[in-house]
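Structure first, then comments.
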Amino acid sequence: MDLYSAQRIAEAEAARTGLGTGPNRRLRLTLLIGMPLFLPVLGIMILVPKSLMHEVLYVYEAGIVACLLHYAWVFTKYPRRASRPPYLTRDLAMGGGFFLPAMFFGFWPGMIAAPAWALFVGVAYAVEGMRERSGPR
């Protein structure tokens, strides 16, 4: 086994367990910070005066949009499955998880964009898999 193969195996194991490294780590942290944050946001909305409640919600909705844009940015950096680090496709598809907090607050753009993003990643993965099987033309 050469050094490159050993390094790829170590990267794959790190990506599979824990937070991983590189883009996998960034996407997982984005998901872990953005998704459960709706509970503290709900608490803040309860505690602030009614005049500020909508502003808190708008800031959180902007955060959901920023998280989804971060997922899109990582996808543009690694558009081909062959160039992606191990398990990055799975982490990209997890962006669909932002559907739940968007649905909780009734944020329609997030309710549409999050599942559409997961579907887009899945279709891109399937199309690339079929393209690889058919071979070069």
Side-chain angles (χ1 to χ4, degrees):
M1 178 184 309
D2 62 348
L3 182 61
Y4 178 73
S5 297
Q7 185 179 15
R8 290 286 289 181
I9 290 170
E11 287 176 1
E13 186 60 25
R16 189 178 66 79
T17 60
L19 287 177
T21 59
N24 295 74
R25 180 183 196 94
R26 289 193 307 267
L27 289 179
R28 291 175 188 174
L29 284 174
T30 300
L31 188 70
L32 287 174
I33 291 169
M35 269 193 60
L37 193 62
F38 80 93
L39 292 172
V41 167
L42 180 63
I44 292 170
M45 287 175 63
I46 291 170
L47 295 175
V48 299
K50 287 193 184 267
S51 61
L52 293 176
M53 194 182 322
H54 291 293
E55 283 74 13
V56 172
L57 183 60
Y58 294 149
V59 169
Y60 182 67
E61 289 171 351
I64 290 176
V65 170
C67 289
L68 289 171
L69 288 174
H70 179 247
Y71 272 72
W73 177 72
V74 170
F75 185 84
T76 59
K77 287 185 71 168
Y78 300 97
R80 300 275 180 219
R81 181 174 59 168
S83 67
R84 290 183 193 147
Y87 297 100
L88 186 63
T89 303
R90 179 192 69 182
D91 293 338
L92 283 167
M94 279 197 252
F98 286 105
F99 173 77
L100 294 175
M103 186 177 71
F104 184 81
F105 287 119
F107 180 52
W108 283 101
M111 290 170 64
I112 294 168
W117 172 255
L119 184 65
F120 169 73
V121 171
V123 168
Y125 180 80
V127 166
E128 190 155 341
M130 290 187 321
R131 193 178 288 168
E132 285 177 2
R133 284 194 191 109
S134 67
R137 290 187 178 230

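Keep in mind that the numbers below use all heavy atoms, side chains included, and drop hydrogens, waters and symmetry copies.
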Practice problem: For side chain to side chain contact (heavy atoms under 4.5 Å, CB included), just list the numbers for L88 and V74, CA-CA rounded to whole Å, side-chain angles, deciding distance to a tenth of an Å, and then say yes or no. | Solution: CA-CA 9 Å; L88 186 63; V74 170; 4.3 Å; yes
Practice problem: Just do the side chain to side chain contact (heavy atoms under 4.5 Å, CB included) check on R80 and E132 with the steps written out, would you? | Solution: CA-CA 11 Å; R80 300 275 180 219; E132 285 177 2; over 6 Å; no
Self-check item: Test side chain to side chain contact (heavy atoms under 4.5 Å, CB included) applied to Y87 and L27, step by step
Solution: CA-CA 11 Å; Y87 297 100; L27 289 179; over 6 Å; no
Quiz item: Do Y71 and L31 pass the side chain to side chain contact (heavy atoms under 4.5 Å, CB included) test, and can you show the C-alpha distance, the side-chain angles, and the key distance before you say yes or no?
Solution: CA-CA 10 Å; Y71 272 72; L31 188 70; 3.4 Å; yes
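F75 and W117 have perpendicular rings, their planes meeting at more than 60° on a 0 to 90° scale where under 30° would count as parallel.
Although no hydrogens or angles enter the test, the distance criterion places no donor-acceptor pair under 3.5 Å between the side chain of Y60 and the main chain of A102.
Between D91 and the options R28, R25, R84, a side-chain hydrogen bond (donor to acceptor under 3.5 Å, both in side chains) holds for only R28.
Residue L39 is grouped with residue I44 when hydrophobic side chains (ILVMFWY) are merged at heavy-atom distances under 4.5 angstrom, including chains of intermediate members. The hydrophobic cluster containing V48 also contains L37, counting ILVMFWY residues as joined when their side-chain heavy atoms lie under 4.5 angstrom apart, directly or transitively. Taken together through direct or relayed side-chain contacts under 4.5 Å among Ile, Leu, Val, Met, Phe, Trp and Tyr, M53 and F104 form part of one hydrophobic cluster. Put simply, W73 and Y78 are part of the same group of oily side chains (I, L, V, M, F, W, Y) that touch within less than 4.5 Å, one to the next. I46 and L57 fall within a single hydrophobic cluster, where Ile, Leu, Val, Met, Phe, Trp and Tyr side chains are chained together by heavy-atom contacts under 4.5 Å.
Annotation: the span from M45 atom CE to K50 atom NZ amounts to 10.0 Å, rounded to 0.5 Å.
Under the 4.5 Å side-chain criterion, counting only non-hydrogen atoms from C-beta, T30 is in contact with F98. With contacts defined as side-chain heavy-atom distances shorter than 4.5 Å, the pair L100/F38 does not qualify. When side chains are defined from C-beta on, V41 counts as touching F105, because their heavy atoms get closer than 4.5 Å.
Scanning all heavy atoms of the two residues, the minimum distance from P85 to P23 falls at CG-CG, 3.7 Å. Pairing each heavy atom of G34 with each of C67, the nearest pair is CA-SG, 4.3 Å.
By the 6.0 Å contact criterion, OH on Y125 is open, its count of non-hydrogen atoms from other residues, nucleotides or ligands being 12 or less.
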